[in-house]
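Here is the structure we will look at, set down as structure tokens.
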Amino acid sequence: MAIKIDDLVKEINKTLSEYANGVGEEVEKVAETVAKEGVKKLRLRSPKDTGEYAKSWRATKVKKAWVVNNKIYQLTHLLEKGYAKVNGGRVPGQPHIAPVEKEMINEFVKGVEEAIKG
């Protein structure tokens with residue numbers, strides 16, 4: 001029994017497409033989970049004066065990507081890096097975004113690797 005090359009190519013492409021779609025869905029799930037967990041961590045680790053800044057963290061889906069940001073975006077850099085006082089001196093930064101970002105990157109990479117293997 002002979003197999004036509006065109007049929008073989010179509011079957012290979014179909015199989016690869018199904019695999020890619022499955023992996024793509026898993027990667028989207030991983031991205032959503034990592035983003036939502038990142039928001040929880042940021043809410044816990046953010047500096048709290050009134051608590052409004054810490055509560056303002058959110059994860060939103062923009063097109064196909066998940067984005068973690070703060071509604072009070074003007075404060076993020078100042079609190080993370082510190083700033084100069086009006087009458088001299090500096091207010092030290094309170095790093096809370098960078099450590100969570102590193103954790104999120106590691107979790108995402110690990111999740112994607114598992115999705116590809118599974």
Item to complete: Inspect the surroundings of NZ in Lys40 and state if more than 12 heavy atoms from other residues, nucleotides or ligands are less than 6.0 Å away.
Response: no
Response to the item:
When every non-hydrogen atom of Val68 is compared with those of Ala35, the smallest separation belongs to CG2-O, 3.8 Å
Fill in: Shortest non-hydrogen contact between Glu80 and Pro99, atoms and distance
OE2-CD, 4.4 Å
Item to complete: Taking all non-hydrogen atoms of both residues into account, name the closest pair between Ser56 and Ile72 and its distance.
Response: OG-CD1, 3.5 Å
Worksheet item: So if you build clusters from Ile, Leu, Val, Met, Phe, Trp, Tyr with side-chain heavy-atom gaps below 4.5 Å, do Val100 and Val67 land together?
Response: no
Worksheet item: Would you call Glu101 and Lys41 a salt bridge, taking side-chain N to carboxylate O under 4.0 Å as the test?
Response: no
Item to complete: State whether Glu25 and Lys29 are salt-bridged, where the test is any N-O pair (Lys NZ or Arg NE/NH1/NH2 against Asp/Glu carboxylate O) under 4.0 Å.
Response: no
Worksheet, complete the sentence: Ile116 meets the side chain to side chain contact (heavy atoms under 4.5 Å, CB included) criterion, sequence neighbours left out, with Tyr19, Val23, Val112
Discussion item. If we count only N and O atoms by modelled type, under 3.5 Å, do the side chains of Trp66 and Thr60 hold a donor and an acceptor together?
Written reply: no
Discussion item. Tell me if a side-chain donor or acceptor on Asn70 pairs with a main-chain N or O of Tyr53 at a distance below 3.5 Å.
Written reply: yes
Discussion item. Salt bridge check, Glu113 against Lys110: does any charged N sit closer than 4.0 Å to a carboxylate O?
Written reply: no
Worksheet item: Can you check whether Ala115's main-chain N or O pairs, donor with acceptor, with Glu26's side chain at less than 3.5 Å?
Response: no
Worksheet, complete the sentence: Here the gap from Ser46 atom OG to Gln94 atom CD, rounded to the nearest 0.5 Å, amounts to 9.5 Å
Fill in: Cationic N near anionic O, under 4.0 Å, Glu28 to Lys64
no
Item to complete: Taking the side chain as every heavy atom from C-beta outward, state whether Lys71 and Arg58 have any pair of such atoms under 4.5 Å apart.
Response: yes
Worksheet item: Should the heavy atoms of other residues, nucleotides or ligands under 6.0 Å from CD of Glu52 be counted, would the total exceed 12?
Response: no
Discussion item. Looking at every non-hydrogen atom in both residues, tell me the closest pair between Arg45 and His96 and how far apart they are.
Written reply: O-CB, 3.5 Å
Worksheet item: Are Trp57 and Ile97 close enough that some pair of their side-chain heavy atoms sits under 4.5 Å apart?
Response: yes
Worksheet item: When rounded to the nearest 0.5 angstrom, what distance separates CD in Glu103 from CG in Leu42?
Response: 9.0 Å
Worksheet entry | ILVMFWY network linking Val91 to Leu78, side-chain heavy atoms under 4.5 angstrom | yes
